[in-house]
Colleague: 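Pasting in a structure now, in structure tokens, and then I'll have a few things to ask.
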There are 2 protein chains.
Amino acid sequence: MKATINDVAKQAGVSIKTVSRVINNEPSVRKATQEKVLLAVTALNYKPNLSARNLAGTKSFSIGYVYCNPNAYYVIDTQEGILTACKEQGFELFIHPCDAKKEHITDEVITMVKQARVAGLVLTPPFSEMPDFVNAMLALDVKVVRIMSGDEAPDQLTPCIMVNDRDAAYTITQHLIDVGHQRIAFLAGDAEHMSTIERYKGYRKALKDNNIEFNQELVIEGEYSFDSGVDAVKILMAPEKDIHPSAIFSCNDEIAAGALFAARLMNISIPEQLAISGFENSPFSRQAWPKLTTANQPNRKIAENAANLLISQVRNQKANNALTKLYTPELIVRDSTTSI
Amino acid sequence: MKATINDVAKQAGVSIKTVSRVINNEPSVRKATQEKVLLAVTALNYKPNLSARNLAGTKSFSIGYVYCNPNAYYVIDTQEGILTACKEQGFELFIHPCDAKKEHITDEVITMVKQARVAGLVLTPPFSEMPDFVNAMLALDVKVVRIMSGDEAPDQLTPCIMVNDRDAAYTITQHLIDVGHQRIAFLAGDAEHMSTIERYKGYRKALKDNNIEFNQELVIEGEYSFDSGVDAVKILMAPEKDIHPSAIFSCNDEIAAGALFAARLMNISIPEQLAISGFENSPFSRQAWPKLTTANQPNRKIAENAANLLISQVRNQKANNALTKLYTPELIVRDSTTSI
DNA sequence: TTAACGATTGACAGCGCTGTCATTATTTAA
DNA sequence: TTAAATAATGACAGCGCTGTCAATCGTTAA
């Protein structure tokens with residue numbers, strides 16, 4: 001049968017409370033005692049019972065991941081990263097897929113948080129970018145860690161894991177320029193997403209730093225979808241248009257895939273007549289043909305990092321809300337921007 | 001504060017044990033008493049505490065979903081379906097992504113099952129198609145429900161949710177024939193997946209029923225990937241080949257997308273010169289251009305059904321392992337097989 | 001050397017629920 | 001009508017752990 005705290009206590013020759021102290025890293029345990037206990041823990045392969053802990057203690061050992069994201073690959077990666085951290089730290093994960101645009105979404109999540117007694121929440125866009133939502137969670141005394149786009153935290157509400165989309169976009173744009181392009185179009189994702197805004201900033205900055213004149217006509221508004229890419233290329237490359245871009249910066253791989261597809265349809269050769277870059281390094285980017293130059297975000301690592309941060313907050317109670325960790329996606333050059 | 005069983009008991013004027021009986025649907029509770037209790041439950045918005053239940057009882061209120069699937073959309077859909085059932089029934093879900101090909105995968109899952117004390121497991125391919133694995137789980141006295149491909153359960157080990165890929169494939173093939181095709185190629189997915197085998201059977205049967213001679217040359221082995229579709233079309237439509245298919249049955253949308261892409265590259269017009277069908281109704285099929293004719297599997301519904309089945313098994317203890325539910329994916333005709 | 005102090009440790013109650021078994025209410029048979 | 005049988009209910013222990021507080025230990029300062 002599974003070993004309990006009693007078995008460990010007996011084996012180590014101490015009281016159960018001391019075992020409890022050791023496994024919870026509480027102070028006031030002599031070094032020698034700690035070692036005895038740890039030895040017994042290993043010998044019996046003891047793992048504390050989560051239910052008992054949750055029931056007995058005031059603190060909880062569960063965290064939640066609340067998300068609303070059409071990108072299944074992103075969600076899966078993030079889940080796995082969080083799960084890795086949870087396993088390591090003996091925490092439990094409650095996943096809560098939902099619709100961020102639903103009317104009483106905040107109440108719904110509040111109910112779930114109370115019900116599951118989660119001690120903390122990992123938030124990704126769009127939730128991480130909804131201050132009211134975040135505040136509502138904090139008001140419940142739930143710790144929060146946000147993963148979001150930008151190079152510094154927008155506020156001190158919670159620790160943040162920032163994804164530096166701006167610099168990554170700068171790097172991609174610079175790459176496009178380096179391989180000889182001057183007329184670079186920008187295919188935007190959803191305008192309300194921070195990531196679109198940040199990527200746009202990086203694009204603009206790269207143009208500026210290279211003394212390339214910005215041309216509003218080359219910026220096509222859109223959303224994070226395949227169709228958006230298709231439509232944009234149809235507009236940009238329309239025969240009747242006198243000036244065409246020689247390269248396209250797409251806000252994500254899906255848009256890029258659409259752009260690629262439309263270009264093919266129009267008999268535009270990639271990358272000779274038109275270079276196309278993506279963003280995200282999704283399976284999409286490897287399945288496209290030619291393969292897409294893109295930027296890789298290590299979503300699993302980012303999520304694991306976020307979850308570890310969250311768990312240490314939950315553990316220590318004392319939160320360091322100024323804590324920020326920055327990730328910059330890295331350029332992956334593939335065939336869609338360089339001659340094969 | 002959250003209401004406990006004590007509050008409900010007080011409010012209803014009964015003992016906590018009676019409340020327990022009511023919420024667990026145990027027999028031997030007078031109708032009137034039950035109603036009193038239920039009223040109090042509603043009034044106080046009482047939800048039993050999972051930790052306490054797990055701790056006190058011999059039965060557990062958690063189930064697990066063990067999976068290894070590169071198709072993120074499938075996984076997400078399945079998760080959501082299971083979650084719906086769990087919420088309704090007051091169960092907790094442990095997700096366990098892992099690598100089915102890892103050496104000690106069975107041991108790994110056994111550890112997780114013991115650790116989390118899950119009472120049951122929802123299994124999808126490939127796990128649902130691994131008899132040794134399933135038996136190992138059953139040996140732990142863990143209930144299992146399998147989602148798998150076929151028209152009847154391969155054994156009586158567990159209840160099964162069968163996805164009738166064969167009939168669906170038959171319907172797709174019949175559709176291809178109906179719109180005038182005779183030379184229909186078959187692009188296989190991974191040969192070891194039951195779904196590939198079943199889809200192949202349906203394809204063969206449709207040909208036979210329509211007195212169309214089967215041609216081995218039109219069957220291309222492959223895997224469930226974009227590249228596989230690309231390669232297949234390059235082979236099938238090679239100019240030097242004297243006979244080309246006029247339609248392609250692809251084992252899933254990803255293969256179909258690859259086929260579509262390759263065909264475009266070769267300046268083959270779709271669907272005029274070549275009709276292409278997919279399978280799965282993934283986002284892929286809607287993003288392709290022209291949109292793919294495909295077969296829709298209601299993965300969320302299937303998973304919800306599986307989870308409900310599992311939970312009722314867990315609840316009743318008595319398992320009806322002969323129980324089988326059959327879903328047949330339905331044909332969705334889009335532009336890739338019918339002139340626009 | 002000893003009182004006094006802080007550092008360690010343990011005893012014990014109780015988290016919210018279920019399982020067991022005793023008790024009481026109700027029905028049935030005689 | 002009453003005893004026996006059955007149905008309905010409740011009292012209580014205890015699941016594995018943590019929080020509280022009291023007991024013990026070692027150490028320092030006088």
Side-chain angles (χ1 to χ4, degrees), chain A residues 1-38 40-41 44-62 90-92 114-117 119 314-315 317, chain B residues 1-38 40-41 44-62 90-92 114-117 119 314-315 317:
Chain A
M1 220 29 246
K2 273 190 67 60
T4 73
I5 198 170
N6 286 294
D7 305 324
V8 178
K10 213 167 291 169
Q11 169 110 5
V14 298
S15 75
I16 57 167
K17 182 64 219 187
T18 298
V19 176
S20 170
R21 287 200 178 90
V22 172
I23 58 177
N24 286 294
N25 264 313
E26 284 172 29
S28 294
V29 177
R30 202 164 301 158
K31 197 68 184 283
T33 313
Q34 192 186 45
E35 278 163 7
K36 265 195 304 186
V37 172
L38 253 20
V41 165
L44 298 171
N45 188 29
Y46 168 70
K47 300 259 189 285
N49 178 317
L50 260 177
S51 297
R53 278 182 141 178
N54 278 326
L55 188 57
T58 50
K59 32 187 180 297
S60 129
F61 290 83
S62 323
F91 270 61
E92 190 176 348
K114 285 187 178 165
Q115 172 70 25
R117 279 190 73 214
V314 168
R315 279 232 141 93
Q317 292 306 109
Chain B
M1 219 28 246
K2 272 190 67 57
T4 73
I5 199 171
N6 286 294
D7 305 325
V8 177
K10 213 168 291 169
Q11 169 109 3
V14 298
S15 76
I16 58 168
K17 182 63 218 188
T18 298
V19 176
S20 171
R21 287 201 180 89
V22 171
I23 58 177
N24 286 295
N25 264 313
E26 283 173 30
S28 295
V29 177
R30 202 162 301 158
K31 197 69 186 282
T33 313
Q34 192 186 46
E35 278 163 8
K36 265 195 306 186
V37 172
L38 252 21
V41 165
L44 298 170
N45 187 28
Y46 169 70
K47 301 258 188 286
N49 178 317
L50 260 177
S51 297
R53 279 183 140 180
N54 279 325
L55 188 56
T58 51
K59 34 187 179 296
S60 130
F61 290 82
S62 322
F91 270 62
E92 190 177 349
K114 285 189 179 163
Q115 172 70 27
R117 279 191 72 214
V314 168
R315 280 232 142 94
Q317 292 305 109

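Heavy atoms only: backbone and side chains are in, while hydrogens, waters and symmetry mates are out. The structure displayed is predicted, hence computed values, not measured ones. Residue numbers start from 1 in every chain, and the chains themselves are labelled A, B, ... in the order their sequence lines are given, proteins ahead of strands.
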Colleague: Between D:dC15 atom P and B:Ile16 atom CD1, what is the distance in whole Å?
Modeller: 16 Å
Colleague: Which nucleotide wins on minimum distance to the side chain of A:Ile23, given the candidates D:dG19, D:dT18, C:dG16?
Modeller: D:dT18
Colleague: Distance check needed: C:dG14 P versus B:Ile5 CD1, whole Å only.
Modeller: 18 Å
Colleague: In whole angstrom, what separates A:Lys10's NZ from C:dG10's P?
Modeller: 14 Å
Colleague: Under 4.0 angstrom, heavy atoms only, what part of the nucleic acid is B:Ser51 near: base, sugar-phosphate, or nothing?
Modeller: nothing
Colleague: In terms of heavy-atom contacts, does NZ of B:Lys10 have more than 12 from other residues, nucleotides or ligands at under 6.0 Å?
Modeller: no
Colleague: If the cut-off is 4.0 Å, is B:Thr4 near the phosphate of C:dG16, judged by side-chain N/O to OP1 or OP2?
Modeller: no
Colleague: Should B:Asn49 and B:Thr4 count as side-chain neighbours, where that means a heavy-atom distance under 4.5 Å?
Modeller: no
Colleague: Using only modelled atom types and a 3.5 angstrom limit, is any donor from either the side chain of B:Arg21 or the base of C:dG19 paired with an acceptor on the other?
Modeller: no
Colleague: My understanding is that only residues two or more places apart in sequence, or in another chain, count here; which of them pass side chain to side chain donor-acceptor pair (under 3.5 Å) with A:Ser51?
Modeller: none
Colleague: Can you check the A:Asn49 CG to D:dC17 P distance for me, whole Å?
Modeller: 6 Å
Colleague: Mind checking B:Pro27 for me? I need base, sugar-phosphate or nothing, with any heavy atom below 4.0 Å counting as a touch.
Modeller: nothing
Colleague: Can you tell me the distance, in whole Å, between the CZ atom of B:Arg53 and the C1' atom of D:dG14?
Modeller: 18 Å
Colleague: Specify the separation, in whole Å, of atom NZ of A:Lys17 and atom P of D:dC17.
Modeller: 12 Å
Colleague: Which one, C:dT9, C:dG16, D:dT9, comes nearest to the side chain of B:Ala56?
Modeller: C:dG16
Colleague: How is B:Thr33 classified with respect to the nucleic acid when contacts are heavy atoms under 4.0 Å: base, sugar-phosphate, or nothing?
Modeller: sugar-phosphate
Colleague: With distance as the sole test, does A:Asn54 use its side chain to make a donor-acceptor pair with the main-chain N or O of A:Phe61 at under 3.5 Å?
Modeller: yes
Colleague: Just the rounded figure in Å: distance from P of D:dT18 to CZ of A:Arg315.
Modeller: 10 Å
Colleague: Measuring to OP1 and OP2 of C:dT18, would you say a side-chain N or O of B:Ser20 lies under 4.0 angstrom away?
Modeller: yes
Colleague: If you assign B:Arg30 and B:Tyr46 each to the DNA chain C nucleotide with the nearest heavy atom, which residue ends up on the more 5' nucleotide?
Modeller: B:Tyr46
Colleague: Rounded to the nearest Å, what distance is computed from the CG atom of residue B:Asn6 to the C1' atom of nucleotide C:dG16?
Modeller: 7 Å
Colleague: Find which nucleotide of DNA chain D each of B:Gly57 and B:Thr18 is nearest to by heavy atoms, and output the residue with the more 5' nucleotide.
Modeller: B:Thr18
Colleague: Would you say B:Gln115 and A:Lys2 make side-chain contact, with heavy atoms under 4.5 Å?
Modeller: yes
Colleague: Which part of the nucleic acid, if any, lies within reach of A:Asn24 when heavy atoms closer than 4.0 Å are counted: base, sugar-phosphate only, or nothing?
Modeller: sugar-phosphate
